[in-house]
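Worth knowing before you read on, the calculation uses all heavy atoms, side chains too, and leaves out hydrogens, waters and symmetry mates. Owing to the predicted nature of the structure, the values given are computational and were not obtained by experimental measurement.
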Amino acid sequence: HSSPAAMASKSSFAQYRELFKEHGVIPDVVEDFQPCGDLTVQYGPEAVLGGNVLTPRMVKDPPHVHYPHEEGCLYTVILTDPDAPSRANPKFREWRHWTVVNVPGCDVSRGEEICEYIGSLPPQGTSLHRYVFLVYKQPHRLDMRGVTKLQNTSGAGRGGWKARDFAKSYGLELVMCNFFRAEWDTYVPEGYAKFK
């Protein structure tokens, strides 16, 4: 006999897919796809729940990420903002906030961080931005030796990037997605002050 929670999680993949479409994550960030599990993202007590609104202050530190995974497989975890500098004028779509490759199972701390985490820093007056978490299954270990690692002390090299192009170039398979929304708060200037 399934508990209500188990039943909710079974139906939530389909619900999330509808939310991705409703909020334009499909097709702005990814093509239509069938999620194969729940991507759980926690910022302390705050959960990412398919488009809920969080504040930049809440998301300033890397979250705890958990997802169902296949034993022995490697994954890539990405956080990207398609609404840079605004959803109305996304000329820097996408701005990548975090990229970790070669994650064994869902132990993100043991993956290779090629783009260090920067939380949401939406410019003042640009309304809500979508912040999209993507989990991809890798065909094999990715060789990142020639790739410039992006530090969290700079926004250089982060704008005008496309998760779908990155995925295509490495043969990655999208398996899960989640997103939240955020707009400017008083933390944003503090966040920018960390850039050298």
In I114, V77, L172, the residue satisfying side chain to side chain contact (heavy atoms under 4.5 Å, CB included) with V101 is I114
- Query: Under 4.5 Å between any side-chain heavy atoms of T153 and F195, yes or no?
  - Reply: no
With sequence neighbours left out, the residues meeting side chain to side chain contact (heavy atoms under 4.5 Å, CB included) with A84 are D81, F92, W95
dist T55:OG1 -> F180:CZ (nearest 0.5 Å) comes out at 9.0 Å
| task | May I ask you to test the W161-I78 pair for a side-chain heavy-atom distance under 4.5 Å? | result | yes
Starting from F133, can I reach V100 by hopping between I/L/V/M/F/W/Y residues whose side chains sit under 4.5 Å apart? yes
Exercise. Decide yes or no on side chain to side chain contact (heavy atoms under 4.5 Å, CB included) for V132 and L79, but give the supporting numbers first.
Key: CA-CA 5 Å; V132 183; L79 173 60; 5.7 Å; no
For V53, the hydrophobic cluster (side chain heavy atoms closer than 4.5 Å, chained through members) also holds L128
Closest non-hydrogen atoms of C177 and F33, given as atom of the first, atom of the second and distance, are CB-CZ, 3.7 Å
Open item on the list: Ring centres under 6.0 Å, that's the criterion: do Y117 and H97 meet it?
Closed with: no
Interatomic distance, NE2@H66 vs NE2@H64, rounded to 0.5 Å, equals 7.0 Å
Taking every heavy atom of V30 against every heavy atom of R164, the minimum-distance pair comes out as C-NH2, 3.4 Å
Hits for side chain to side chain contact (heavy atoms under 4.5 Å, CB included) against L150, two or more places apart or cross-chain, chain-then-number order -> R96, C115, R158
Across all chains, not counting sequence neighbours, the ring-ring contact (aromatic ring centres under 6.0 Å, His included) partners of Y75 are Y67
Donor-acceptor pairs under 3.5 Å, side chain of residues 106-113 to any protein atom, not counting sequence neighbours: which ones?
{"residue": "D107", "atom": "OD1", "partner": "S109", "partner atom": "N", "Å": "3.4"}
{"residue": "D107", "atom": "OD1", "partner": "S109", "partner atom": "OG", "Å": "2.6"}
{"residue": "E112", "atom": "OE1", "partner": "N102", "partner atom": "ND2", "Å": "3.0"}
{"residue": "E113", "atom": "OE2", "partner": "W98", "partner atom": "NE1", "Å": "2.8"}

Closest heavy-atom pair, Y43 versus D61, reported as atoms and distance to 0.1 Å, is CE2-O, 3.2 Å
Side-chain (K162) to main-chain (R93) donor-acceptor, under 3.5 angstrom
yes
Indicate every side-chain donor-acceptor pair of residues 141-148 with a distance under 3.5 Å to a residue at least two apart or in another chain.
{"residue": "D143", "atom": "OD1", "partner": "R145", "partner atom": "N", "Å": "3.1"}
{"residue": "D143", "atom": "OD1", "partner": "R145", "partner atom": "NE", "Å": "3.0"}
{"residue": "D143", "atom": "OD2", "partner": "R145", "partner atom": "NE", "Å": "3.3"}
{"residue": "D143", "atom": "OD2", "partner": "R145", "partner atom": "NH2", "Å": "2.6"}

Value for CD1 (I118) from CG (N152), rounded to nearest 0.5 Å, stands at 6.0 Å
| Does V103 belong to the same Ile/Leu/Val/Met/Phe/Trp/Tyr cluster as V41, with side-chain heavy atoms less than 4.5 Å apart forming each link? | yes
Residues pairing under salt bridge (charged side-chain N to carboxylate O under 4.0 Å, His left out) where one sits in residues 119-130, two or more places apart or in two chains, turn out to be D28-R130, D83-R130
Worksheet item: Is the distance between the ring centroids of Y131 and F179 under 6.0 Å?
Response: no
Test side chain to side chain contact (heavy atoms under 4.5 Å, CB included) on V175 and Y136; report intermediate values, then the result. CA-CA 5 Å; V175 288; Y136 294 90; 5.8 Å; no
Does some side-chain heavy atom of F166 sit less than 4.5 Å from a side-chain heavy atom of T76? yes
One should read off an interatomic distance between Q15 CD and D38 CG, to the nearest 0.5 angstrom, of 9.5 Å
Minimal heavy-atom distance between P82 and P90, with the atoms involved, is O-CB, 3.5 Å
In residues 44-51, what donor-acceptor pairs under 3.5 Å come from side-chain atoms, sequence neighbours left out?
none

Practice task
Say whether L39 and Y16 are linked into one hydrophobic cluster, either directly or through other cluster members, by side-chain heavy-atom distances under 4.5 angstrom.
Solution key: no
The complete set of salt bridge (charged side-chain N to carboxylate O under 4.0 Å, His left out) pairs with one or both residues in residues 62-77, sequence neighbours excluded, reads E70-K137
same_hphob_cluster(L19, V135) at 4.5 Å side-chain heavy-atom cutoff
no
All heavy atoms of L134 vs all of A163, minimum pair found to be CD1-CB, 3.6 Å
Flag side-chain contact, heavy atom, 4.5 Å: E116 against T99: no
Contacts satisfying side-chain hydrogen bond (donor to acceptor under 3.5 Å, both in side chains) that involve residues 171-190 (not counting sequence neighbours) are R57-T186, R57-E190, Y187-K194
Sorted by chain and number, sequence neighbours left out, side chain to side chain contact (heavy atoms under 4.5 Å, CB included) with K91 holds for P85, N89
Residue set satisfying side chain to side chain contact (heavy atoms under 4.5 Å, CB included) with T126, at least two apart, ordered chain then number -> S86, P122, P123, H129
